[in-house]
Structures are given as C-alpha cells and as structure tokens.
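Below is one structure, written out as structure tokens; the observations come after it.
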Amino acid sequence: MSAADVPLWAALPAALLLICGGLLALVGSLGLLRLRSFFARIHAPTMGSTLGAGCVLIASMLTSTALAQRPVVHELLITLFILVTAPITTMLLMRAAILRSDRSES
Amino acid sequence: MMQHLPILPILLPLLAGALLLFASETRHRPRALLALGATLAQLATALALLACADGRIAAPWPGELGVYALGDWAAPFGIVLVVDRLAALMLTLTATLGLAALVYALARWERAGSHFLSLYQFLLMGLNGAFLTGDLFNLFVFFEVLLAASYGLALHGSGAPRVKAGLHYVAINLVASLIFLIAAALMYGVTGTLNMAELALRVPQLAAGERTLFDLGALLLGIVFLVKAGAWPLNFWLPSTYAAAAAPVGGLFAILTKVGVYALLRFSVLLQEAGAPAPFEGDWLFYCGLATIAVGTLGVLAAQKLDRLAGFLVIVSSGTLLAAFGFTGTTLTGPALYYLASSVLGSGAFFMLIEMAERNRAVAADLLAISFEAFGLQDRHESEHPDEMAGVAIPAAMAFLGLAFISCTVVLAGLPPFSGFVAKFALLKAAIAAPPAAPALHANLLFAALILSGLAGLIALSRLGIRVFWSSERPTPRLQWLEAGPVAALVLLCAVLAFGAGPAMDYFEAAARSLHDTSAYVGVVLPEAAAGGAP
Amino acid sequence: MEIVFALAIGVLAGSGIYLLLRPRTFQFIMGLSLLSYAVNLFIFGMGRLRTGAAPVIDPARGADPALYADPVPQALVLTAIVIGFAVTALFLVVLLAARGLAGTDHVDGREPERE
Amino acid sequence: MELALIFFLPFAGSLCAAFLPSNARNAEAWLAGFVALGTTLVIAALYPQVSAEGVVRLNVPWAPALGLDISLRMDGFAWLFALLVSGMGTLVVVYARYYMSPTDPVPRFFSFLLAFMGAMLGVVLSGHLIQMVMFWEMTSLASFMLIAYWHHRADARRGARMALTVTGAGGLALFGGVLLLGHIAGSYDLDAVLAASAQIQAHPWYPAVLALVALGALTKSAQFPFHFWLPHAMAAPTPVSAYLHSATMVKAGVFLLARLWPILAGTDAWFWIIGGAGLCSLVLAGYLAMFQQDMKGVLAYSTISHLGLITLLLGMNSELALVAAVFHIANHATFKASLFMAAGIVDHETGTRDLGRLSGLSRAMPITAALAAVAAAAMAGVPLLNGFLSKEMFFAETIFLDRPDWQRIALPLAATLAGVFSVAYSLRLIHQVFFGPPARDLPHVPQEPTRWMLLPSALLVAACVLVGVIPEHVIGDYLRTATDALLGADAPAYSLAVWHGFTTPLLMSVVALCGGSLLYAVAFARRRATTVPLLEAIDGRRIFDALMTGVTSGAEWAMRRLSSHRLQMQMMLLFAVALGGAALLALSGGIGWGTRPTLPLDPAFALLWVIGGTCALAVAWQAKYHRLAAVAFAGGAGLATSLTFVWLSAPDLALTQLTVEVVTTVLILLGLRWLPRRDERIAGRGGTSPRLRRLRDVLVAGACGLGIAALAYAVLTRPGVDGLAPFFVQASLPQGGGLNVVNVILVDFRGFDTFGEITVLGIVALTVFALLRRFRPAPESMPLPRQQREQAAAGDAPPSRVHGGELLPAGLMMLPAVLARLLLPLAMLVSLFFLLRGHNAPGGGFVGGLVLATAVILQYMVGGTAWVESRLRIHPLYWIAAGLLAAAVAGIGAALAGAPFLTSKAWHGELPWIGELHLSSVLVFDLGVYMLVVGATVLMLVAIAHQSLRSHPHKSVPGALR
Amino acid sequence: MNAILPFAVNFGLACCSVGMLCALVRLLRGPAAQDRILALDTLYINGMLTILMLGIGSGAAIYFDIALLIALFGFIGSTAMAKFLLRGEVIEP
Amino acid sequence: MRRPPLVPLLPAVLLAVWLLLNDSVAPGHVVLGAVFAWLVSAAVARLRPLPAWPRRLHVAIGLCWHVFVDIVRSNIGVGRVVLGAARRQPTIGFLQIPLQLRDPHGLAMLSIIITGTPGTVWAGHDPASNTLTLHVLDLQDEETWIRTIKDRYERPLMEIFE
C-alpha cells in the first residue's frame, strides 16, 4: 500500500492539493527569506501553516480515505491544533518584536 | 521466594526509594527505619546470595551460577541477571558499606538536603544492578542509575566546592556515558546481540573487518570503564569530587570506582577467553594501572588535606586493581579481589572518619600547619611550654578517632595487622611467583609500585594525621554513636577479613576461578547455544 | 542515504565535541545535546537504514523479519533519549547552581587568569 | 601453649590497660607489671625445654592458601631475646610507675607499652617471615605512638613522625625482601628458609634480597645513614627510650641480621653493606655522642654507636663475631637501659637533662651517681664489667678479620678510635653531671628519688657487674644456647673468661681507655661543647625535613604537570585517548566499507541534512554569545534528527525525540534566565593563544566527528546481522501481545531496561529538586529581567502576575492563556491516546507522559506560576513515586505467581456490547512509566520556574510544590 | 497504479525542503532574535508538512501521529523563546 | 442570560476528539472516550473558570465559510506580495480597531481568525479601551480593514459568544 495504489478519483485532486500545498509552503518560506523587515516577514509563513497545511491535510484525508475505503477524517485534528496554537506564538512574537524595535529606536 | 533472590538487591532499594518519597521529609524516624530496614534486607539477600554462590546453602538454581531471566525471556533475547561468586561478593560489599554509610548519614548528613535517603537507595540499586546484569545495554542503564543517583548524592548539601566539583563529575560522566552508548551500539551493530555471553560466543566468528569494528567498540567501552575506575589520565575529577562529597557519600563512593573495575574485569575475561581482545588488550591495562598508581601516589604525597588524600588513595587502589587485572595470567585475580574488598571497606571507613575528625576545624590552623612544616618553624605552643613533661589527656572521642584513623591508615597503606597487609602480601606473592609465565619486568614494576605506594601512604597519612589529631588548636568534635559505630564496624570488618584470611582467600580464589571459567558462564546463560556449538 | 546519514552523525558529533571543549557551561550543555543527537542517530544506524519499514507489525503482511527495520536499536535509542533528556536537565541545574555559587559560568567555576 | 600465652598476655594486658580510667595510675602499673612479670616467668620457665629440644614450636593454620600460618617458634636465640624483652619490660614498668607524672593519662602509655612488648615478642618468636614483618611494623607503630606520647610537644610529634617514616619505610623494604626470600626458598617458614641457604646465595635475586633486608634492619637499628631518627625519638618519655630505643626495638634490626646470618652472610656484599654501615655508625655516632648537650642525646648516639658495633660484628662473616654480637646485644641492653633510667631520674629530679646546666649531682643523689657511673664504665669498656667482655671480643675479631691487608689494618684502628670516643663520652656524661661544683639555677632541687625508681636501674647494674666478673656462670649457658640456635653445628668454641692474657685486644682496650680519658681531659674538661666540629653541616633532621618537603613539593610539581583541574583539559584528554586508541586500532586492523547495497539517495533527505548540519555548526559557532540563537539552531538540528527518524522507519523515535526536544528547549530557556549576559564586544579579547587553542579544538572535534562518521558508515554498509531482531519481530504479536515491536521490546522483552531508565528520570528529578532547594542565583540575575522592568515602568501591567482569585491572567497574556487552556484537555486526551495505544502503534507511556507534562508546562508559561498553582495542585513527587511503584507492582505481580520479575500477564475478556477487552500487566507498567514521566518532567521544570518565585519572595505562594 | 500521486508527493517534498532551506537561511541570517524564532517556527511547520507528505507517499498511518504531535507541540519551543524575548523569562512567578 | 446546555460541551468535544484520534466509532472506544472525556473535564475544571456556551451554530458555519474564503484570498494576496516583492514593497503598518466584543473566548476566536489569515497579525489588545492593534502586511485602506474585521468577524462572534 503506497501512494501508487491510490485510485485515480482520489489521486488526482490529492495530487493537485499537494502541489498547491507545497507551493504555498514554499512561497511562504520564500517570503520569510525575501521580505525586508521582520514585520513583513511575520506574515509570510502563515501561508504555509494555514492554507498550505490545509491543502496537504485534505490531500491526506483523501488518500487515506481512499486507501482505507472508509472515511478517515482524523486530519481535522491537526487543523484544529494548528489553528488553536498558531496565535499564541504569533502574538507573543509580535509583542516582543514591537518591544524590541521600540527599544532599539529609543 | 527463593528463586527471586537475585532480583531482590535491585527491587528492595527501588521500593524503599519510592516509598520514601511518600513520607514527609520531616518524619525522620519512620523514614530512617524504612531505609535501614531495606538496607538490612539487602545485606541479608547479598549474604544469602554469597552463600548460594559458594554452595554453602541450597541455591535456587542448579550448578554454580545462577541465572535469573527477567520477564521470563531467556537469554539472549531477554535480560538476564547472573549471580556468581564475584557478583555476590560485590553485592555484599555494597550492602555492607551501604549499611554503614547509611547509619552514619542518619546521624546528621541525611538532613543536609532533600531526598537523601531515596537517592541513596537508588544508588544502591544501580550498584547492585550493575554487578548483577548479564546484558551490555542493561549494564549501561544501571550505570546511569547509579551515576544519576551519585550526581544527586555528590551534590547533596550543596555548597560551592561541592557544586564546582560536581559539575566536573557530572560533565565527565555524561560524556563517558555517551561513549558507552556508541560502544554498545557498535557492538550490537556488528554482532547483533547485547547479551554478554552471546557476545563472547559470537566474537570469534566475526570476519576481519567486523572484528576491527568490534574491537573499536571494545576499546571505547574500555575507555569508559577506565574513566569510571579512575584510571590516569582520565581521573582528574575524582579527588575533588570525592573530597567535596558529603562524608557518607564519599564513603559509599569508595565502591563506585570499583564498578568500573568490575565491569572491565567482567568484559575482559569474557572476551579474552573467546579469543577476542579485552577492552584493553595486552599490557595496556597493566601499564595504565601502574601509571594510575604512580599518579595516585604523587597525589597522596602532595595532598595537603585529608579529604583529597582519601581521594588519591582511592585512585591508588584503583590503579592497583587495574595493574593486577592487567597482569599476565590469572593468578593475581584472587588476591586482587581480596585487595578490593579490603580497600573498599578501608576507604569507606576513612571517608567517614575524616569528616568526623575535620569537623569544626579552623581553616586557618591548617594553613599555619603547612607553613610551619615548609619553613621548619616551631609551633607557638612549643615555645610556651618548652619542658612540659606531663601529657595531655585525649578525650574519648578523639581517642576513638585517632585509633580508627590509625587502623584505616594501616589498612590503606598496607601495613599490618589488618587486611591491607594481607592483601598486599597476597598480591605481591602471586606477582613474584608469576614469571616466567608473565614478564619479570612486570612483576618487578608491580612490586616496586605497591611497596612505594604503601610508603607514600604512610608518609602522607602520618603527616596529615599528626596535623589533624595532635594539633592543639582543634576543638574536639562531638561524636554520636550513630557515626562512630559504622566506622568502628568497618574497621573491625577489616580486622575480621585479615583474621579470616584463610576462608576469605579460599572464597576469592574460587571466585577468580569461576570468573575465568568463561565456558561455564556462557553455558549457563545460553544453554542451547553452548550445547549446539555456534549460535 | 547512508553517506548522508553518516556525515550527519559526523557533523553533529564534531560540533558537539567542539562545544564540549569550550570553556562556558552553556556551550557545554549545547555540545552535550548535539552529541547526544549524534549518538542517538549512531545507535539507530546500527540497525541499518530502511525506509517504509517501521517495526509496527502489519497483521496483513505477517511478522516476517525481513519486512521490518531492526527494532532493537530503536528501543535502545528510546532509552538513550530519555536518559539523555534526564541528564541534560540535571546538568543544566548543576550549571545554574555552579553559576550561582561560583559567580561565573566558566566550567571550572572560576575565570582563568589569562585568556 | 606457653608460647601462645607469651604471645597473648601482653596484648590482652594492652587491651585492658586501654580501658582503665585515665587516673588509675597504680592499677595500670600493677596490671602492666604483672603482665610483664608473668611473661618473663613463663619465658624463663621454658628454658629447660628450649635447651633440651632446641626449638619449641606452635603452629596454627591461618590462610593456608596464601602460605600464611601463625607460627611461634622459640629457639635459644629467640629465648634470650624474649627474656630480654620481657624482663626489661618488667623493669621499665616499675620505673615508669614512678617516672610518669601523676597527671599523665597513663592508660595510653601502658597500653602502648604492653602492645609494643607483645609486638616485639612477636618479632622475636615468629617462625614465619611474613608474620615477623607484621610484628615488625607493629613495633614501628607502637614506637610512633610512644614517642608522640606527649603529642602536644612539637618535637615529640616530629620525632615520632620521623621514626615512623624511617622505620616504616624500612619495614616495607623488609617486607619486600622477605617476600623474595620466601619465594626463593619456596616457603615463608623460618626453618625452611634457613635450610635454603645455598639456594638463596646462588639466586640472582640475592643482592636485591640483601639490600631490602639490610634496609629494614639498618633503619630499625638506626644505623648509618638512617641513624638520625633515633636522637629525635628521645622526645619520648624516658622509660620508652630506655625500653624501646636502647634495649629492645632498635635491637630488632640486629636481631634480624643475626637471625638471617646463616643464610645471608658470608658474601662480600654482606660484608660491605652490613659491615660498612656498622663501622660508619660505630665511629661516626661515637664521635657525635661526644658533643651532645642533652644526656639522652649522648645516650642516643652512643646507642647508635654500639648498635654499629654489633652490626659490624655481624658483618664480619665470622661465627665468633656473631657470638660476640649476640653477647653485646645483651650487655648493651643492660648498661644502656640503666643509663637511660639514670638520665630519667636526673631529669625527673632536677627538671633538666642539659649537660651544661647539670653539675655535681653526686652530692645530692649519690646512689644514682654510683649506679650511673658503673653503667657508664660498662659502656666505656672498663674491665670487670660486661661491656669490657664483649668489646674485647670485638677487638679480637677486628684483628683476625679474614680480609685483604689494608682492611685488616684499618679495622682495628677504627675500632680503637671508636673505643676512644666511647670512653670520652662516657666520662663526659658522668663527670659533667655528677661531679664538679654543684649546679645552681636548676628547675628543681635535686634529691635522691624513691627507692622503687632506683631498683630497676640497680638490678641492671648488678647484672652488668655479675656478667663482668663471672661471665661463664651467669650467662655462658644461655649465650651458648643462643648461638647454637643460630649456627647449629657450625658454632665455634669460645671462652668467656675475664682474663685472656696480654693480647692485642687488651692493648686496644687500654689504648681506648687512656686515649678516651686524655681526649676528655684535653678537649672537654673545660669547654662546653655546643657544636660538633667537622660534621657541623650534616644534620640528619634537616636533611630529613628537606627530603620530606622536597617529596611533597616534588609531588605537587609533578601533579601540576600530570593532572589538571580544568574540565576542558579533561575533556580533551578523554577525546584524545578515545581518538588515539581508535586510530591505532583502525590503522592496524583496517576497516573498509562493506558490501550492503545502499539506499538510493533522496535529495530531500540530503537537503534535510544540509539544514541539520548547518544548524549544528551554527550552534557551535553561536553558543558563546548568542545563546537564544544557539537554542534555536539546536532546535533545527533536533528537528532534522526527528525527521530522519520518521524517514527511516522509526516513528516511535521521532515522537519521543520531538517531545523531548520541546521540553529540552523550554528547560534550557528556563535556565537561560539565570545565566549572565555575555557580550561579544567586551569579551572579545583576541590574541593568538586562544585562537590556536580553538584551532586545536576544531581539529580534535573534526577528527572525532569524522571518526564517528566513518565508523557509522562502515557499519551501515555492512549487511545486517541476524541477531535478536528476528525473534523480536516474530514473537512480538504472539508472545508479547503487541504490534509495535519497539514498544513490546521496551515494556516486555527488555522491560527491565525501561525500568532502570525511568528510575534514572526519577532520580534526576529528585536531584534537580534537591539542588534547587538550595539554589542561590547570581547577584545580577536576582532582579526582574530588563524587559519586565521596562514594561512595568512604561505602565504596562505585569501581564501574568496575578493573584489566584482572578479568573484570567490580565494583559497581553490573556488571550494566549485562553487558547492554552483550551489546549490542555485536548493535550490530556492526546497523552492518554498515546499511552493506551503504544503497544500497537507508535506511542507509549513515555511520549504520553511528556505530552501531558508539556501541556502543564504550557499552562505555567502562559499563566505564570502563581496563577497556575493557585488552582492546580500537582504533586510531582507523588507521581514519581507512584509511577515507580506501579512499574514495580506490574513486575512483582508476575513474581507472586511464580514467574520471574516483570513477566507479563495478560487477561482477555469479552464484554457484552463493548467487545473484546484486553488487559495486561504491561499496561500497568506503561502506566507507571507515564506517571513517572509526568511527575519527573513537571517537577524539574517547575522547580526551575520556582526560582523566580523565590528570588521575589513577596509574590510567592505558600507550599506550591511538594 | 498511477504515478501522479507519487510525483505530487515528491514535488511537495521538494517544495517543503526548499522552504526549510529558506527558513534555515533566515535562521542563520537573523538579524534579530525574533527573526530566528519565526524561522524556527516555519521550520517546524515545513517539517510537519514533510511528514504528512511522507505519510501520503507511503500510505502508512503512523506518520499522522507525528504530524499531530508537531501540530500540537511544535509551537511550544518558539512560544517559549518569544516569551523569553518578551519578558526575559519563560515562566513568570 | 446563560442557560445550562443540554449536553456539557467540553466532554462532548473531547469525546469527538477521542473518536477522531482513534479513527474509530467502535462501542469500546465510545465508552472509553466517554470515560476519558469525563475524567479530563473534571481534571481541568479548576483551570477553566470561564464556561463558554456558544450558540447559534448557523452563524458559526457562516463565519467559517467567510474565514475560509478570506484565507484563500489573502493567501493569494500575500503570495503575490512575496513573489512580486521586487517590484513593489508592501506598505506595512499598524491599525487600531475599537472592539465591542469582550468575551475572552470570542476574542480568542477572533485572534485565531486574524492569525490564520495571512497578511494580518494580532499585535496587541488593550483590555481597558478594548482596542485591538492589528498589524497588516499590505495596508492600503485602513477603513476597509476595520470594516472587514468588525463586520465579517466581530459581529458573528458576538452573536455566538455573547
């Protein structure tokens, strides 16, 4: 059982989603690299963690559902966890950045 | 119940340690009783095992060696505990020293920090496990158990010197543990087994390339054991750690270096018989032991404080054991085991003793004494009473300490009449008789090293002993029975060991014989493999 | 794969050992953690490398040893990880205590006379 | 039986004496006196038996495997010596009763005195060489304790230490010599060794044996060049000097030489070593004795000189000389002990022993004077006293020496010279103390001591006279028994007559007497000798002290080079040793790569390790100045490691590595708070030396890394070994009852490892807790971190620092707190999930426990310690204990059923509606792991977190952590 | 049966790896600590995606657990660092 | 105002999560999940002093859809900024938005939404004035942003949580 055994009805959308997800993650990371300031950079990786992850998770759901031949939806949990946890880091990081940039300015 | 005897030395301290966590730290009496009870039970178990291994009482296993398969998984798949005379001897030593140091600690040290008693029990558990196990990785685990507990105990009571020395101790041992892991993994990667008996079986069948890899593993393992055993040049941490540790801990640590020696011995014997190189092949171990003796002796001479001196004495004894085990042939094993027992008991007592003696001491007085000696100055006291002819009565506590000190000195320096002398005699006698089976040079070197280290010990101990016990400026320490008792008991044990040298030596020789009888070991641990030839 | 794996171990171990030779306690603890990564990988590698062969028995495929990676090193690594974690924590606390008592974060508990 | 009695009486007496109260002076004396007298009588009563049978023996097996036996053996020589020891002991005890001050704590004194007596008898009566060495060393120890009896005096301490060092060292040398001797002879039994004379002298080890034995004997007998300790041993109370340092202990050396004379003597080496040392001591000590100021000093040097005489006699390789030596041993003991007693009396009565201050005492204490004069005359070799007889024999032997010519001339001359010295110092001693004008300013007014104190001395003087006048009747028999015992059939004929006619020896005696008197009259009569001419510079004590200090400082110097207190050095050594050893082995054995087909390289994997490796290098580069960055890099390396585990089919490892990674990061960050700031700009003092050191470290580290990589590669490319793995895979489901083989190994096959591992975790947690209880942060990390101070100053309310009553942390931590608390139940569920299914899928107690612990820590992070603990009471210690107990109980359960510890027991059942139920002791075990991990992790992290609470005590909550 | 999914998986893996590489460069370059923390966070997210893709590629369910764990706890390291930056200590009194 | 719900929310959610985790609805798992859900709820009860009783699930579903659409849109937007960054640097900036929503859970949901949407980051919240500070990657029209936040997210959230 591997990726090659997935029926086409699932493989096709899954593949599309995977490519989308990969690209989104890549672009997000690229943004981290290319954007000029921290405040700009902090936005970019969110792409990977939201829609990018979402795409991959849906792809995963599709393939595993297809392989197990019953609905497999536990990837939802990952979505849930990502959504709940992401703001904590971002908020703290943002505050810290504001504080530190304030300090370096003053 | 009898068939579970081998697991008890591990299980008893574990249960005691865990139960102690439930008891509030303020309730000293029940905690002390629990710890004492557990340690006494360990001693009883160890003695029972000792008797079983020697065939004195009916053992729950057939034959000479006892194998206890944990989880009922036979070797090499499961972990086995193997009881032979040597293991039983080490268990007994651990329990004896453990009991003495525990009683000593109950008097005051136990209260110097948190969880002393639990950590203490865990240390005993680790020691017992390391002596019993027949599995390489399990040995690592028990090394870690005993090291982790020893970290805690070495730092017990906190304080700057303790923590500074502890930092080095922890650091070195952590790195050593990582090397241990590499070695064990390498051995597994090459032979596909972790059981020590099966290793002995498999190693001779390895192809040349694999064999070199295995030897590398063995080398790393040997280095680790040498670190634990305090061999030069890997032992710089030892004196300060031992000196800084709390007294009962230092006392118990006397057996810690012996774990390294024990493991080294166990491995080198198992592998040597199988035609494989010992962790340290050939004369390396012997010369390493000699270097350790030499450096330890220098340290003994240079030490200006009793606690450091004690540390260096431990190094000397380690070096002696290494040299003895590295000596060509097997005739020195029995005497070396006797020496091991004697030095463990003696140095254990010594650590506790010096703490009692140095209690309340003024640091300034010490410095003064050193400068007096260096510049040949006279004591102030002397000039005040030049011709005083009446003696000074020694308080009973000081008299006891002095006597105990002399006894320990006598044991550690190898002077008569206690066990140290018998041990040295036995070692030297065997060494002299060894040529031509062993190089005469080795015999001569060992001879010189033992005599000279004894002399150095005598010089240093008398110098520092005089400074500590006969300096007029020291207040007399207050002793409690709980503290004096264990020291006296250990010293007495040394005397008993000397007095009963006959039966003791018989036992040690038998232990050495069964240790070197690898095929019996393999046969008991792996009955099928041994019967069917190659595994 | 093997060469990458081996080099990875080498780089981790080399960096770790370099840090272990440094004079600051913090460097030491980082070195320790890198070296333990390396050691964990090393132990793991002793079972040889396999992809897609996690040693979780698939009842459909049966318990053919050829189908699964060697589980023993994995079990060993697990133990090693746990112990490594424990001792890292311990060392951290010891270094904190040493720092507090000795007033310096030098591994010897005192600054060298001359750097 | 009698032998055992002789042996045990003194030791038993010693033990009794030690436990008498410290003021029981009379009881002590009675006890010691009776013991000594009893021993003497027993010995005396044994004489008929000894003379009839030759040897009386008692053998008790001790350690036959080692060739050790307790063997008591009394022949004529031993009998003579034993009688000397015990008889002299009796007299000294009587003397000491009156000598010692009433305030002295005498139990110690008598106890050691008796112990010494026992040890000395042990030396004398040993029929086993090793046993003799044992007692030999015990006499050194006893002597040490007795010299230092007045340990509050520095000279006593120094003298004791010197004596112990020198004689102890000699004892060790003797030990070595005896070992060799026993090896050559094949037995340590004295008879066997004595019978192996030819073998021994022919053996290549003979020189070594001789040197070692000589070292032992010469140090003990204070012979040149080891003589210097004896004068310093005079700090001992005078009874001790009389007993140990003149009559008995110092004689042990010559006793030994005489004992081994039959097997060791007769060679050139013997002559030069023993005879040479004897001659030097004889002349040199005699010369030095003339210039001493202290009465006991004179006696000490004279003792050395006389012992030199005996040694010289023994070294002459002639049987008659041996007889003379034995004779002189006995004679010297009598007159020298008597003289010491006299010196002690003078000291006791006047308070000083200074020859310069003492004078004309014969008027106040005539009896003492008379006794001393006779004894001194015996020492000087005046006819009709015992000293004359043995000295005459000595002179005779020097003449008939069987050596080349120049030696035959030189030796008599030297002997006569020594005789001259001996007369001079004897004369000086008596004349200066007892004659001349009465001394004035003495500390006490001199008077005759009590009769009992004079008695021992008088008895000894009487012996001197009796032996001197009628030697053959008094001592002839005994002497003959003694020498027969030594020489057996070779014993020469000799006569002990007082008058032999006008012989050369007589001439020498006369010359010595006249020369000595003349020398004294010319050189000393008017002059107070304060310094020693010619030998001024040679001061044994100074040399010894310099030697000792030199040894110590030399050892210190060596230790500085051979050892290091620096951790870096030790690490370097550890790695260098490992690297060097491995390189040596690998080069000699050779390891090539193996033949196993490698996995195809996945570029993504390679990229992963580009990242991981860079992170690792970056950690090494940044850890000094940018700690936070280093932690982040380490996180990257850890992630790469976990991903590798995922990639290479080790999901359990990946899970564990990830959780551990997270917890470790938090842990290190917690610690970072207490570390000092390190600034690149101020600390960056460059220079070549640190740079070189870094380069060296880089090289070593690089080499080690490469080595490990090569090692790994060498194994990875070799085909796998069919070891334990197949069994585990096959047995996992049917016998272990789990699909996840790794977990089954962990909790079942090798559950004992896990058992130990969780114990380690628990221990570490306890240690951390214990250590942090006494934690004292560095001063500069005590105050609040800068960020918090700034924010507080800017009016920003401290976000998470609230009191328990409030529902939520205020400020900017409010929303994270809400989210984190949403996460807590989820994480708990996940942790239970991992715990429960670990047996069949990746997970297990450890991961589960860490998940829960992390979730709890997250609460602390967002809510602050005070807030969390005001509503959550975790008892991490109980969790740890319960975890350990649960694991143990899971193991013991099986043991109760008769199976070994940790045997798994499973129970399968069918429940209606719910389905199959599967319970196993393994689950209990895993639950134990789970609980312990939770407890230990939380305990460690929270204990560190609590340090902030402690450094700001006004905000603490009571009893938060237990 | 068809190669499209494996191809997509490999493509996604490559994307994620390159993304991780980008994050690494940011991690190395900084310049500020917050950049590094952000980069680490990104690294973790990309790592999680990698695992999911590996899971899809192999069809095995076990990868899910690991991804789940990263989703649940991957953020804690970065949060702790951010908290440290913000307040100077991870767990306040 | 707050009425007791028919089903305790937390245990129910936990049960659902448990079943999702195990990917099974076997009776055994349901029972076990129920037990665990109950246990865990009891264990965390003291840590969660704020009960939240969301209502009007249809509003929530609508909100979810809006959020999803916004996420996709802003992903595209940010992606363009990243890839086209060479051409035009985005105008980043802070934005103060006064809020009416006070329920912590509502705020938490809002923060999830805002963080989940690329291009916006929750930069702070002043409880006193109940003002949200928002950081926006491509800040061109402040008013539009404020309106979007308040209309699209805040109002539904208030309906759900208050």
Side-chain angles (χ1 to χ4, degrees), chain D residues 603-604 607-608 610-611 614-615 618 628-629 631-633 635-636 639 642-643 646-647 651 654-655 658-659 661-662 665-666 669-670 672-673 784-788 791 798-801 816 823 826-827 830 834 841-843 847 851 854 857-858 860-861 864-866 941 945 948-949 952 955-956, chain E residues 10 12-18 20-21 23-25 27-28 30 32-41 43-44 46-48 50-51 53-55 58 60-70 72-93:
Chain D
L607 211 57
L608 177 69
V610 169
I611 294 162
T614 315
C615 280
L628 196 64
V631 175
F633 285 124
L639 183 67
S642 322
L643 286 179
V646 178
W647 216 296
L655 279 178
L658 267 171
T659 40
E661 180 64 42
V662 167
T665 308
V666 175
L669 287 172
L670 277 173
L672 224 48
R673 150 92 171 82
L784 281 175
R786 187 169 62 147
Q787 291 93 326
Q788 291 184 36
Q791 287 164 48
S800 62
R801 194 166 301 129
L823 221 49
L826 295 179
V830 171
F834 277 127
V847 175
V851 168
T854 316
I857 293 306
L858 182 65
Y860 273 87
M861 271 165 57
T865 317
L941 289 162
S948 313
L949 268 189
H952 307 290
K955 284 159 195 132
S956 71
Chain E
N10 281 335
L13 272 179
C15 284
C16 285
S17 302
V18 176
M20 283 172 88
L21 203 62
L24 172 74
V25 175
L27 195 58
L28 283 174
Q34 54 264 39
D35 288 294
R36 295 207 162 100
I37 298 169
L38 187 62
L40 186 67
D41 202 41
L43 214 54
Y44 264 96
N46 280 327
M48 185 193 76
T50 309
I51 291 173
M53 287 176 191
L54 282 174
S58 72
I62 51 171
Y63 296 95
F64 164 74
D65 307 315
I66 302 157
L68 185 78
L69 209 62
I70 296 189
L72 189 57
F73 279 161
F75 81 104
I76 288 185
S78 6
T79 304
M81 284 185 213
K83 179 90 196 284
F84 184 77
L85 270 192
L86 182 62
R87 302 291 297 172
E89 58 186 338
V90 180
I91 299 183
E92 292 174 70

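Protein chains get the first letters and strands the later ones, always in sequence-line order, with residue 1 at the start of each.
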### Query
So which of D/Val610, D/Leu823, D/Leu941, D/Ile611 has the largest heavy-atom pair count under 4.5 angstrom toward chain E?
D/Ile611
### Message
Taking side chain as everything from C-beta outward and backbone as N, CA, C, O, which of these in D/Val830 sits under 4.5 Å from a heavy atom of chain E? Side chain, backbone, both or neither.
### Response
side chain
### Task
Examine whether an atom of E/Phe64 lies under 4.5 Å from a heavy atom of chain D, and if so say whether it belongs to the side chain, the backbone or both; otherwise answer neither.
neither
### Query
Where on E/Tyr63 is there a heavy atom nearer than 4.5 Å to chain D: the side chain, the backbone, both, or neither?
side chain
### Taking every non-hydrogen atom, the tightest pair across D/Arg673 and E/Glu89
NE-OE1, 2.8 Å
#### Entry: When D/Ala841, D/Pro651, D/Gly843 are compared by non-hydrogen pairs under 4.5 Å with chain E, the top option
D/Pro651
### Task
Against chain E, work out which of D/Leu858, D/Thr854, D/Thr614 has the most heavy-atom pairs shorter than 4.5 Å and name it.
D/Thr854
### Query
Side-chain contact, heavy-atom cut-off 4.5 Å: D/Pro842 with E/Ile66?
no
### Task
Please examine the side chains of E/Leu40 and D/Phe633, heavy atoms only from C-beta on, and report whether any two atoms are closer than 4.5 Å.
no
### Query
Using non-hydrogen atoms only, which part of D/Leu670 is less than 4.5 Å away from chain E: side chain, backbone, both, or neither?
both
### Query
Closest approach of D/Ala632 and E/Leu27, non-hydrogen atoms and distance?
CB-CD1, 4.1 Å
### Summary
Rounded to the nearest 0.5 Å, the CZ atom of E/Phe84 sits from the CG atom of D/Leu669 at a distance of 6.5 Å
#### Entry: Structural part of D/Leu826 lying under 4.5 Å from a heavy atom of chain E
neither
### Task
Check each atom of E/Leu43 against the heavy atoms of chain D and say whether the ones under 4.5 Å are side chain, backbone, both or neither.
both
### Task
Evaluate the side chain to side chain contact (heavy atoms under 4.5 Å, CB included) criterion for residues D/Leu658 and E/Phe73: first the C-alpha distance (whole Å), next the side-chain angles of each, then the deciding distance (0.1 Å), finally the verdict.
CA-CA 9 Å; D/Leu658 267 171; E/Phe73 279 161; over 6 Å; no
### Message
Quick one, D/Phe834 and E/Asp65 - any side-chain contact, counting heavy atoms below 4.5 Å?
### Response
yes
#### Entry: Heavy-atom pair with the smallest gap, counting every atom of E/Met81 and D/Val631
CE-CG1, 3.8 Å
### Message
Quick check: closest heavy atoms across E/Gly77 and D/Thr665, and the distance to 0.1 Å?
### Response
CA-CG2, 4.3 Å
### Task
Tell me, for E/Thr79 versus chain D, whether the close heavy atoms (under 4.5 Å) come from the side chain, the backbone, both or neither.
both
### Message
Less than 4.5 Å apart, side chain to side chain, heavy atoms only: is that true for D/Leu608 and E/Ser17?
### Response
no
### Summary
One should read off an interatomic distance between D/Trp647 CH2 and E/Leu54 CG, to the nearest 0.5 angstrom, of 5.0 Å
### Summary
Rounded to the nearest 0.5 angstrom, the CG-CD1 distance for D/Leu643 and E/Ile51 is 5.0 Å
### Task
Drop me the distance from E/Thr50's OG1 to D/Leu607's CG, to the nearest 0.5 angstrom.
10.0 Å
### Task
Working to the nearest 0.5 Å, report the span between CG of E/Leu68 and CG of D/Leu655.
9.0 Å
### Query
Taking all non-hydrogen atoms of both residues, which atom of D/Gly635 and which atom of E/Tyr44 are closest, and how far apart?
O-OH, 4.1 Å
### CD1-CG distance between E/Ile70 and D/Leu639, expressed to the nearest 0.5 angstrom
6.0 Å
### Query
Does a side-chain heavy-atom distance below 4.5 Å link D/Leu628 with E/Arg36?
no
### Message
Counting only non-hydrogen atoms closer than 4.5 Å, does E/Leu24 touch chain D with its backbone (N, CA, C, O), its side chain (CB onward), both, or neither?
### Response
side chain
